[in-house]
Amino acid sequence: MLQTEERIATLLDAAIQEMELLAQMSADITRPDDFVSSLYGMTVYRAYR
């Protein structure tokens, strides 16, 4: 059972790290058009999908 709990904890930590990265990446996005007006914005948008 401990291996399962460790695996879940590892997956949750990875998910939290990705969410923090997405929040940082999207900090400059202030309106919906920002997602389609640049390659960077489109990259951030695709990461959310």
Side-chain angles (χ1 to χ4, degrees):
M1 187 70 165
L2 186 58
Q3 287 180 336
T4 301
E5 290 174 2
E6 289 175 2
R7 178 75 175 142
I8 291 170
T10 299
L11 291 172
L12 288 173
D13 285 341
I16 290 168
Q17 289 176 9
E18 289 300 313
M19 287 185 281
E20 289 172 347
L21 179 61
L22 286 171
Q24 291 172 358
M25 291 175 64
S26 62
D28 293 335
I29 306 257
T30 58
R31 56 193 176 90
D33 287 347
D34 290 343
F35 285 110
V36 294
S37 62
S38 70
L39 183 58
Y40 178 76
M42 291 187 322
T43 302
V44 173
Y45 173 76
R46 289 174 58 100
Y48 276 110
R49 295 185 323 150

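For the single chain, residues carry numbers from 1 onward in sequence order. Just so it is clear, the values below take in all heavy atoms, side chains as well, and ignore hydrogens, waters and symmetry mates.
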Task: Co-membership, hydrophobic cluster, residues M42 and L21, 4.5 Å side-chain - done: no
Open item on the list: Between Y40 and M25 (side chain of the first, backbone of the second, donor and acceptor by atom type, cut-off under 3.5 Å), is there such a pair?
Closed with: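 Between the backbone of M25 and the side chain of Y40 there is a qualifying donor-acceptor contact (under 3.5 Å).
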- [ ] Would you check if the side chain of S38 reaches a backbone N or O of G41 as a donor-acceptor pair within less than 3.5 Å?
- [x]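 Indeed, once roles are kept as given, a pair shorter than 3.5 Å links the two residues.
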- [ ] Please name all residues satisfying side chain to side chain contact (heavy atoms under 4.5 Å, CB included) with L11, sequence neighbours left out, ordered by chain then number.
- [x]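 Once residues adjacent in sequence are excluded, the partners of L11 under the side chain to side chain contact (heavy atoms under 4.5 Å, CB included) criterion are R7.
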Task: Smallest separation among heavy atoms of T30 and D34, with atom names - done: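 Heavy atoms of T30 and D34 come nearest at N-OD2, 2.8 Å.
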- [ ] For D33 and R31, work out which heavy atoms get closest and say how close.
- [x] CB-NH1, 3.0 Å
Open item on the list: Between I29 and F35, is the side chain to side chain contact (heavy atoms under 4.5 Å, CB included) condition met? List the steps.
Closed with: CA-CA 7 Å; I29 306 257; F35 285 110; 3.6 Å; yes
Open item on the list: As an exercise, state the distance from OG1 of T43 to CG of L39, rounded to the nearest 0.5 Å.
Closed with: 4.5 Å
